[in-house]
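The structure under discussion appears below in the form of structure tokens.
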Amino acid sequence: MNVHPLPPSALKGEGMTSQRARDRLATKLKEEGIRDQRVIDVLRNTPRHHFIDQALHSRAYENTALPIGHGQTISQPWVVARMTEALLEYGVPQKVLEIGTGSGYQAVVLAQLVPQVFTVERIEELLRQARRRFRQLGLSNIRSRHDDGKLGWPDEAPFDAIILTAAGDAIPHAVLDQLSPTGVLVAPVGSPSNQMLIRMRGDGQGDFIQEELGAVSFVPLLGGIG
Ligand code: SAH
């Protein structure tokens with residue numbers, strides 16, 4: 001199931017930005033334990049080179065995080081795939097909130113798999129660039145907002161799923177309050193040197209089941225807007 005495939009024109013590329021480079025990345029994701037074929041197919045069909053500076057295009061389909069300016073990074077493809085599959089494991093969420101738009105890559109991956117994506121970024125310039133990419137790729141199911149994501153997006157709550165792509169010491173209360181009673185949240189939590197990817201699932205009675213999904217390395221979740 002791929003509810004919003006990108007237009008074929010989005011996938012034009014040559015050499016290191018070609019379909020062959022994306023196919024190699026998809027093979028690698030599978031080898032490294034990603035199981036959800038929908039997620040693998042979406043990463044295979046998402047032009048990650050559109051989300052980074054031209055000087056880095058030759059590295060777009062390496063399985064590494066890359067700089068996007070302002071001291072921030074586009075996440076490693078494996079981590080994007082793992083977090084996305086963890087969000088979708090119990091069913092396709094209708095409304096997803098992302099905190100930390102960054103390049104917009106994770107939002108574009110999600111927007112091909114779920115009906116509605118809401119994404120919040122604190123650095124205005126990064127958000128401006130991400131919005132341009134959403135438009136260029138013809139995705140109309142992403143709404144974005146320049147704000148402190150620690151506040152969530154109260155007017156649009158509740159969300160069936162929430163993903164944080166920056167790491168704080170804990171999940172901000174306001175964000176957790178915006179998760180539906182049976183929703184799923186995936187986030188890196190901890191200090192820069194010691195972070196764990198966690199998943200929380202609401203049991204419908206106001207409690208959460210928490211699991212640890214493995215060690216990760218994300219930029220910090222900061223307060224206020226940039
Ligand atoms: N999902 C992004 C990853 C970007 S890195 C991608 O696919 O490219 C994390 C992003 O979180 C950075 O852009 C950073 O500015 C942003 N961020 C950090 N703290 C934030 C906060 N409190 N609210 C909103 N965005 C935040």
Side-chain angles (χ1 to χ4, degrees), residues 6 25 29 39 42-43 46-53 56-57 59-87 96-114 117-134 136-137 139 142-154 156-157 159 161-178 185-192 195 197 216-226:
L6 298 177
L25 173 62
L29 294 174
V39 173
V42 164
L43 267 87
T46 301
R48 191 168 181 255
H49 64 278
H50 283 200
F51 297 81
I52 55 180
D53 197 82
L56 291 168
H57 276 190
R59 303 188 57 198
Y61 300 98
E62 289 177 14
N63 189 20
T64 52
L66 293 167
I68 55 171
H70 305 267
Q72 307 303 321
T73 54
I74 180 173
S75 307
Q76 184 193 2
W78 184 87
V79 171
V80 171
R82 185 69 193 101
M83 291 174 88
T84 307
E85 103 178 333
L87 273 191
V96 180
L97 173 66
E98 179 193 30
I99 301 189
T101 315
S103 69
Y105 179 69
Q106 172 76 71
V108 164
V109 166
L110 283 167
Q112 294 170 76
L113 291 159
V114 308
V117 178
F118 296 81
T119 182
V120 184
E121 170 58 53
R122 63 182 289 281
I123 300 177
E124 194 163 19
E125 173 63 13
L126 289 178
L127 188 60
R128 205 179 55 76
Q129 293 174 8
R131 280 177 172 154
R132 185 167 41 80
R133 294 174 183 129
F134 302 154
Q136 283 171 348
L137 293 172
L139 286 163
I142 305 177
R143 287 181 54 200
S144 59
R145 177 184 172 100
H146 178 223
D147 205 348
D148 178 358
K150 287 186 178 182
L151 307 173
W153 193 325
E156 288 295 341
F159 297 95
I162 301 181
I163 178 169
L164 284 83
T165 66
D169 295 336
I171 309 296
H173 285 296
V175 172
L176 203 50
D177 284 348
Q178 292 172 29
L185 177 148
V186 175
V189 175
S191 65
Q195 284 172 22
L197 187 62
V216 285
S217 177
F218 276 83
V219 294
L221 183 67
L222 302 174
I225 55 175

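Order of listing sets the numbers, starting from 1, for every ligand and every atom in it.
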Under 4.0 angstrom from ligand 1, any heavy atom of His70?
no
Note the single closest protein heavy atom to atom 9 (C) of ligand 1, along with its residue, its atom name and the distance in Å.
Thr165 O, 3.3 Å
Please find the pair of heavy atoms, one from Ser144 and one from Phe134, that lie closest to each other, and give the distance.
CB-CE1, 4.4 Å
Could you tell me the residue and atom name of the protein heavy atom closest to atom 23 (N) of ligand 1, and the distance to it rounded to 0.1 Å?
Gly149 N, 2.7 Å
Of all heavy-atom pairs between Arg143 and Trp153, which one has the smallest distance, and what is that distance?
O-CZ3, 3.6 Å
Starting from atom 12 (C) of ligand 1, find the nearest protein heavy-atom neighbour and note its residue, name and distance.
Gln72 OE1, 3.2 Å
Looking only at the side chains, is there a donor atom on one of Thr46 and Gln112 sitting less than 3.5 Å from an acceptor on the other?
yes
Looking only at non-hydrogen atoms, find the nearest pair between Gln72 and Leu126 and report the distance.
CG-CD1, 3.8 Å
What protein heavy atom sits nearest atom 7 (O) of ligand 1, and how far off is it?
Gln106 N, 3.1 Å
Considering the heavy atoms of Ile123, write down every atom of ligand 1 situated less than 4.0 Å from one of them.
15 (O)
When you measure from the side chain of Gln178 to the backbone of Leu176, do you find a donor-acceptor pair of N or O atoms at a distance under 3.5 Å?
no
Element-labelled atoms of ligand 1 that are located less than 4.0 Å from some non-hydrogen atom of Val120
24 (C), 25 (N)
Indicate yes or no: at least one non-hydrogen side-chain atom of Phe218 is less than 4.5 angstrom from one of Leu164.
no
Please write down residue, atom name and distance for the protein heavy atom closest to atom 18 (C) of ligand 1.
Pro220 O, 3.6 Å
Identify the protein heavy atom lying closest to atom 20 (C) of ligand 1, giving its residue, its atom name and the separation to 0.1 Å.
Arg122 CD, 3.3 Å
Please list, in number order, the atoms of ligand 1 under 4.0 Å from a heavy atom of Thr73.
3 (C), 4 (C), 5 (S)
Interfacing atoms of ligand 1 (cut-off 4.0 Å, heavy-atom, Leu126)
13 (O)
Paired with Ile225, the side chain to side chain contact (heavy atoms under 4.5 Å, CB included) test is passed by just one of Glu121, His146, Glu124, namely His146
If we set the cut-off at 4.0 Å for heavy atoms, which region of Leu221 has an atom near ligand 1: side chain, backbone, both, or neither?
both
His49 side chain vs Ala60 backbone, donor-acceptor pair below 3.5 Å:
no
Proximal atoms of ligand 1 relative to Val219 (non-hydrogen, under 4.0 Å)
5 (S), 9 (C)
Shortest protein contact, atom 22 (N) of ligand 1 (heavy atom only)
Leu222 O, 2.5 Å
Are Leu221 and Pro172 packed together at the side-chain level, in the sense that at least one heavy-atom pair is separated by less than 4.5 angstrom?
yes
Can you spot which of Leu43, Val42, Val109 makes a side chain to side chain contact (heavy atoms under 4.5 Å, CB included) with Thr84?
Val109
Of Ser103, Ala107, Pro172, which has the heavy atom at the shortest distance from atom 6 (C) of ligand 1?
Ser103
Starting from atom 15 (O) of ligand 1, which protein heavy atom do you reach first, and at what distance in Å?
Glu121 OE2, 2.6 Å
If only atom types and distance count, is the side chain of Tyr61 paired as donor or acceptor with the main-chain N or O of Arg48 below 3.5 Å?
yes
Which option out of Val80, Thr101, Ile99 puts a heavy atom nearest to atom 2 (C) of ligand 1?
Thr101
Enumerated ligand 1 atoms positioned under 4.0 Å from heavy atoms of Ser75
3 (C)
